[in-house]
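Encoded as structure tokens, the structure appears first; notes follow it.
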Amino acid sequence: MYTRKVHYYETDQMQIVHHSNYIRWFEEARTNLMDDIGFSYKRMEDEGIVIPVLGVNVEYKTMSRFGETVEIEATVKEFTGVKLLVNYVVRDKKTQDIRVVGETKHAFLNKQTYRPVSLKRKHKELYELFKNMITE
């Protein structure tokens, strides 16, 4: 679970979080997830892998406001060894009201050639970590 406070600069004149910020929060939560499993983005890039975002889906349920604290749950929904689907649920920490649900789609690419990489063949440790994180 990734926790963060809503900052003033992320809001509009009504002190409601601008919709684009949730996508940034997804990235923060995904980066935190990678740190938690012991395979940071830096380590992945040091090993020659990048995972660009191929697509984003977001459904806005209720509004987050300046001063609130939210919890972002990031879970691996699908993993093929070449592609990854991460689901997100953003909740108000105090009330547990769901603010946003969404997902991001990614591909694992060679950092030099930008060609797809099979983690099962080239990076077994990372493959096993993701495989064991899949949630239904």
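What you see is a predicted model, and the numbers here were worked out from it, not measured in a lab. Residue indices begin at 1 and follow the sequence shown.
- With no hydrogens or angles considered, no side-chain donor-acceptor pair links Tyr60 and Arg99 at under 3.5 Å.
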>> Applying side chain to side chain contact (heavy atoms under 4.5 Å, CB included) to Val117 and His123, what does each step give before you reach the verdict?
In response: CA-CA 9 Å; Val117 171; His123 298 275; 4.0 Å; yes
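- A search for ring-ring contact (aromatic ring centres under 6.0 Å, His included) contacts involving Phe130 returns Phe79, Phe108, not counting sequence neighbours.
- Centroid-to-centroid, the aromatic rings of Tyr88 and Tyr22 stay 6.0 Å apart or farther.
- Of the possible polar contacts, one joining the Glu10 side chain to the His7 backbone as a donor-acceptor pair under 3.5 Å is found.
- Contact between Phe39 and Met44 at its shortest, heavy atoms only, is CE2-CA, 3.8 Å.
- Between Ser40 and Asp35, the shortest heavy-atom distance links the atoms CB-OD1, 3.3 Å.
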> When you look at Arg65 and Val17, which way does the side chain to side chain contact (heavy atoms under 4.5 Å, CB included) test go after all the steps?
Replying inline: CA-CA 6 Å; Arg65 298 178 184 280; Val17 171; over 6 Å; no
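- Residues Glu71 and Tyr2 bring no donor and acceptor atom of their side chains to less than 3.5 Å of each other.
- The existence of a salt bridge linking Glu68 and Lys5 is excluded, since no basic side-chain nitrogen approaches an acidic carboxylate oxygen closer than 4.0 Å.
- Glu45 and Arg43 are not joined by a salt bridge, as no carboxylate oxygen comes within less than 4.0 angstrom of a charged side-chain nitrogen.
- Atom-to-atom distance recorded for Ile72:CD1 and Glu28:CD is 6.5 Å, nearest 0.5 angstrom.
- Using a cut-off of 4.0 Å between Lys/Arg side-chain N and Asp/Glu carboxylate O, Glu78 and Lys83 are scored as not salt-bridged.
- No more than 12 heavy atoms of other residues, nucleotides or ligands lie within 6.0 Å of CD in Glu27, so this atom counts as exposed by the packing criterion.
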